[in-house]
Amino acid sequence: VGSLAAAAALLPLLQSNYALAATISETDARITTQRLTYPGASGPVKAYLAEPKAPGKRGGVVVIHQNRGLNPHIEDIARRLATEGYNALAIDLLSPQGGTPNDDDKAMAMFKDVNMDLALKDADAASAFLRARPESNGKIGAMGFCWGGGFVNTMAITDPDLKAGAAYYGTPPDLNDVSKIKAELLLNFADAKLDARNGQLAPPYDEALTKAGIKHQMYFYEGANHAFNDDTQAPRYNADAAKLAWSRSMDLFKRNLS
């Protein structure tokens with residue numbers, strides 16, 4: 001009973017505070033944003049597009065949400081990428097179920113019904129959508145967090161045209177398929193002592209990537225917990241780790257998407 005009471009007391013602390021999500025405003029003069037749908041394997045897929053206003057052709061990044069769906073924090077990630085000079089498409093992989101609801105608990109419950117094969121095809125279609133835009137230079141990367149980080153690991157297997165993948169604390173894919181990866185990967189993990197499951201799974205993934213000759217970097221952020229990049233979750237957010245992981249992600253995209 002005591003443990004249940006303690007967990008219940010912590011729940012409000014683990015809820016996302018989306019009032020903190022807009023580190024880049026939708027009205028920022030450097031970017032444009034729009035909500036749209038694009039044709040996916042499952043039907044129309046909802047998405048949030050953020051692009052630089054500056055003219056010219058540039059790389060694109062598909063943004064994959066955590067197990068809370070396409071929420072204000074993930075939309076802000078897309079805006080941050082746009083200020084870095086990329087066309088960023090944050091996609092809603094709950095679209096076949098009507099899209100992400102305005103309730104984290106409801107959104108998380110919907111993930112048990114996600115068809116992963118269709119979701120991966122919807123993500124591949126998002127890459128094709130970005131690649132076909134007139135402002136595109138044809139080079140596409142992906143960035144994902146938690147559930148989305150694991151998704152990016154698998155997306156690198158299913159989309160041979162993907163140039164780069166930045167996965168944040170994402171579960172490794174089937175190691176038997178690692179040799180199919182063509183993209184350069186950046187794998188950002190929390191402190192292995194604080195995120196023990198990924199702490200155990202990551203080293204064999206590193207070994208498999210190395211054996212297959214896949215260009216990658218894997219980092220563990222000491223003192224940082226799972227979801228350390230999410231500034232809408234104060235108990236888990238680690239500003240120093242988030243800043244360093246972001247700079248490494250931008251270096252990855254600069255090398256592969258410019």
Approximate separation, where rounding is to 0.5 Å, of Leu89 CG and Leu36 CG:
6.0 Å
Sequence neighbours left out, what passes salt bridge (Lys or Arg N to Asp or Glu O under 4.0 Å) with Lys193? Give chain and number order.
Asp191
Partner set under side-chain hydrogen bond (donor to acceptor under 3.5 Å, both in side chains) for Ser25, not counting sequence neighbours
Thr27
What residues form a side-chain contact (heavy atoms from CB on, under 4.5 Å) with Lys106, not counting sequence neighbours?
Pro101, Asp103
Applying the 4.5 Å side-chain criterion to the ILVMFWY set and letting contacts propagate, would Ile181 and Val152 be lumped into a single cluster?
no
Write down the atom of Lys139, the atom of Asn137, and the distance for their closest heavy-atom approach.
N-OD1, 2.9 Å
Give a yes-or-no answer on whether the side chains of Glu184 and Asn256 include a donor-acceptor pair shorter than 3.5 Å.
yes
For Arg79, is there an ion pair with Asp76 - N to carboxylate O distance below 4.0 angstrom?
yes
Donor-acceptor pair, side chain of Lys215 and main chain of Ala183, under 3.5 angstrom:
no
Drop me the distance from Ser247's OG to Lys254's NZ, to the nearest 0.5 angstrom.
12.0 Å
side-chain hydrogen bond (donor to acceptor under 3.5 Å, both in side chains) with Asn176: which residues, sequence neighbours excluded?
Asp174
Which atom of Asp122 lies closest to which atom of Ala41, heavy atoms considered
OD1-N, 2.7 Å
Extract all donor-acceptor atom pairs below 3.5 Å that involve side chains of residues 202-213 and protein atoms in other chains or at least two apart in sequence.
unit_1: Tyr205; atom_1: OH; unit_2: Asn153; atom_2: OD1; d: 3.1
unit_1: Asp206; atom_1: OD1; unit_2: His216; atom_2: NE2; d: 2.6
unit_1: Thr210; atom_1: OG1; unit_2: Asp206; atom_2: O; d: 2.9

Knowing that exactly one of Arg58, Glu135, Arg131 qualifies, which makes a side-chain hydrogen bond (donor to acceptor under 3.5 Å, both in side chains) with Asn87?
Arg58
Output side-chain donor-acceptor pairs under 3.5 Å for residues 111-118, partner residues at least two apart or in another chain, one line each.
unit_1: Lys112; atom_1: NZ; unit_2: Ala109; atom_2: O; d: 3.2
unit_1: Asn115; atom_1: OD1; unit_2: Asp117; atom_2: N; d: 3.1
unit_1: Asn115; atom_1: OD1; unit_2: Leu118; atom_2: N; d: 3.0

Over 12 non-hydrogen atoms of neighbours within 6.0 angstrom of CZ in Arg197
no
Applying side-chain contact (heavy atoms from CB on, under 4.5 Å) to Lys180 and not counting sequence neighbours gives Ile157, Asp177
Worked check of side-chain contact (heavy atoms from CB on, under 4.5 Å) between Leu49 and Leu130
CA-CA 10 Å; Leu49 178 66; Leu130 277 179; 4.1 Å; yes
Please name all residues satisfying side-chain hydrogen bond (donor to acceptor under 3.5 Å, both in side chains) with Asn67, sequence neighbours left out, ordered by chain then number.
none
Can any side-chain N or O of Asp195 pair as donor or acceptor with the backbone N or O of Asn225 at less than 3.5 Å?
no
Answer whether the closest heavy-atom distance between the side chains of Leu120 and Phe151 falls below 4.5 Å.
yes
Of the non-hydrogen atoms in Pro39 and Ala125, which two are nearest, and what is the gap between them?
O-CB, 3.6 Å
Examine distances only and state if a side-chain atom of Arg133 and a backbone atom of Gly60 form a donor-acceptor pair shorter than 3.5 Å.
no
For Ala224 and Ala190, which heavy atoms make the closest approach, and how far apart are they?
O-CB, 3.2 Å
Sequence neighbours excluded, every pair satisfying ring pair (Phe, Tyr, Trp, His ring centres under 6.0 Å) that has a member inside residues 180-201
Phe189-Phe220
Just wondering, do His73 and Gln66 contact through their side chains at under 4.5 Å, heavy atoms?
yes
Under a 3.5 Å distance rule, please check whether Ser95 uses its side chain to pair with a backbone N or O of Lys46 as donor and acceptor.
yes
Would you sort out whether Ile91 and Val62 count as a side-chain contact (heavy atoms from CB on, under 4.5 Å), showing the intermediate values?
CA-CA 7 Å; Ile91 63 178; Val62 179; 4.0 Å; yes
Can you tell me how far apart CG (Asp124) and OG1 (Thr158) are? Round to the nearest 0.5 Å.
4.0 Å
Those residues that, when tested against Arg35, pass salt bridge (Lys or Arg N to Asp or Glu O under 4.0 Å) (two or more places apart):
Glu26, Glu75
Residue pair Leu162 / Ser127: nearest heavy atoms and the distance that separates them:
CD1-OG, 4.3 Å
Hydrophobic cluster of Tyr168, others only, ordered by chain and residue number, side-chain cut-off 4.5 Å:
Tyr48, Val61, Val63, Leu70, Ile74, Ile77, Leu81, Tyr86, Met143, Phe145, Tyr169, Leu186, Tyr219, Tyr221, Phe228, Leu244, Trp246, Met250, Leu252, Phe253, Leu257
Within the structure provided, determine whether Thr83 and Ile31 are in side-chain contact (heavy-atom separation under 4.5 Å).
yes
Pairing residues for Tyr38 by the side-chain hydrogen bond (donor to acceptor under 3.5 Å, both in side chains) criterion, not counting sequence neighbours
none
Starting at CG of Asn188, measure out to CD of Gln217 and round the result to the nearest 0.5 Å.
9.5 Å
Between Asp92 (side chain only) and Thr100 (backbone N and O only), is there a donor and an acceptor less than 3.5 Å apart?
yes
